Amino acid sequence: MDELGLNKLFAGILMAGLLLMVGIKLADVLVPHSELEQNAYVIEVPEGGTAVAAAPADTGPEPILALLAGADAVAGEKLAKKCTACHVFDAGGANKVGPALWNIVNAQKGAVGGFSYSSALSEFGGEWDYVALNAFLAKPKAYIKGTKMNFAGLKKPTDRANMIAYLRQQADSAVALPTDAEIAAEAGS
Ligand code: HEC
């Protein structure tokens, strides 16, 4: 390409660039983009709150302590038929598929002598107080991931209360019922 040809090429590129710039400016003038006064999609946020707070906070089991005083241990004993394939509830009962459950309320978790627990349960820690039993019996595998207790759970809070009332009686001496303060604390948590 000779010198003139090159000049024409550069002139062409320059011209194209200029036209582009003029075009952009023109578009700006013809279609002014103003700031939106409001979001195009309005997201409702309650006064003083956050949008996230609207989601249900807790998917855990319903509180149980308030139900215990009026719970029916006899109904609990009937429910225990769901457990007796694996557990014995009587004094001096032997371990079966699951550990013997005499004196289980307020016992250390995973501590029945001679029973070979899953590491999930033996390392879980804490005691089988009413709140822990409620969570475990509602959905064993949700409360202790990896437990080898193959039981779906007792869905109804009254069933769990009755079951726990029966467990409470299957002991050398029944653990005290929850105090009003404990009930209030659980309901507020
Ligand atoms: C299919 C057998 C099976 C059924 C049914 C079953 N369990 Fe269990 N349960 C087990 C096994 C196995 C363990 C030990 C779990 C582990 O080590 O992870 C266990 C553990 C437990 C523990 C913890 C004991 C401890 O020493 O920490 C409690 C409490 C319990 N079961 C209560 C119940 C109740 C109440 C029912 C009936 C509503 C029930 N289980 C039904 C097999 C069963």
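Order of appearance sets the numbers: ligands from 1, and atoms from 1 within every ligand. This one's a predicted model, so the numbers in the text were calculated from it and none came from an experiment.
- Within the protein, the N, O or S atoms sitting under 2.8 Å from atom 8 (Fe) of ligand 1 are His87 NE2, Met149 SD.
- Between Lys96 and Cys86, every side-chain heavy-atom pair lies at or beyond the 4.5 Å cut-off.
- Interface of Val97 with ligand 1, defined as ligand atoms under 4.0 Å from a residue heavy atom, comprises 12 (C).
- In this structure, His87 contributes its side chain and Pro99 its backbone to a donor-acceptor pair below 3.5 Å.
- Of the candidates Trp128, Phe89, Phe115, it is Trp128 that places a heavy atom closest to atom 24 (C) of ligand 1.
- Each of Val88, Val112, Asp172 was checked for a side chain to side chain contact (heavy atoms under 4.5 Å, CB included) with Trp102, and the lone residue meeting it is Asp172.
- At least one heavy atom of Gly110 sits closer than 4.0 Å to an atom of ligand 1.
- Formation of a donor-acceptor pair under 3.5 Å by the Thr84 side chain with backbone atoms of Lys81 is found in this model.
- Taking every heavy atom of Val112 and a limit of under 4.0 angstrom, the matching atoms of ligand 1 come to 26 (O).
- The main-chain N or O of Leu65 is found under 3.5 Å from a side-chain atom of Glu186 such that the two form a donor-acceptor pair.
- Under a 4.0 Å criterion applied to the non-hydrogen atoms of Leu133, ligand 1 contributes the atoms 29 (C).
- Using a 4.0 Å cut-off between heavy atoms, Lys148 contacts ligand 1 through both its backbone and its side chain.
- In this structure, the side chain of Lys109 engages the main chain of Gly125 through a donor-acceptor pair within 3.5 Å.
- For the pair Glu182/Tyr130, no side-chain contact is recorded, criterion being any heavy-atom separation below 4.5 Å from C-beta on.
- Across every non-hydrogen atom of Ile104 and Trp128, the tightest pair is O-CB, 3.5 Å.
- Atom numbering of ligand 1 starts at 1 in the shown order; those under 4.0 Å from a heavy atom of Lys109 are 27 (O).
- Atoms of ligand 1 found under 4.0 Å from any heavy atom of Ser118, numbered from 1 in the order shown, are 16 (C), 17 (O), 18 (O).
- Looking only at distances, no side-chain donor or acceptor of Arg160 sits under 3.5 Å from a matching main-chain atom of Leu137.
- The shortest contact between atom 35 (C) of ligand 1 and any protein heavy atom is with Leu137 CD2, 3.5 Å.
- When atom types are taken as modelled, the side chain of Asn162 and the backbone of Asp72 share a donor-acceptor pair closer than 3.5 angstrom.
- Remark: the backbone N or O of Leu154 is not paired with any side-chain donor or acceptor of Asp159 at under 3.5 angstrom.
- The nearest heavy-atom contact from the protein to atom 5 (C) of ligand 1 is Lys82 O, 3.3 Å.
- Heavy-atom proximity to Ile104, at under 4.0 Å, picks out these atoms of ligand 1: 24 (C), 25 (C), 26 (O).
- No side-chain heavy atom of Val74 sits less than 4.5 Å from a side-chain heavy atom of Tyr166.
- Distances below 4.0 Å separate heavy atoms of Met163 from the following atoms of ligand 1: 35 (C).
- Nearest protein neighbour of atom 15 (C) of ligand 1, counting heavy atoms only, is Thr147 OG1, 3.3 Å.
- Looking at Lys82 and Met163, their side chains never come closer than 4.5 Å, going by heavy atoms from C-beta outward.
- Proximity to Asn150 (heavy-atom distance under 4.0 Å) selects the following atoms of ligand 1: 1 (C).
- Residue nearest to atom 26 (O) of ligand 1, selected from Phe124, Tyr166, Phe136, Tyr117: Tyr117 (by heavy-atom distance).
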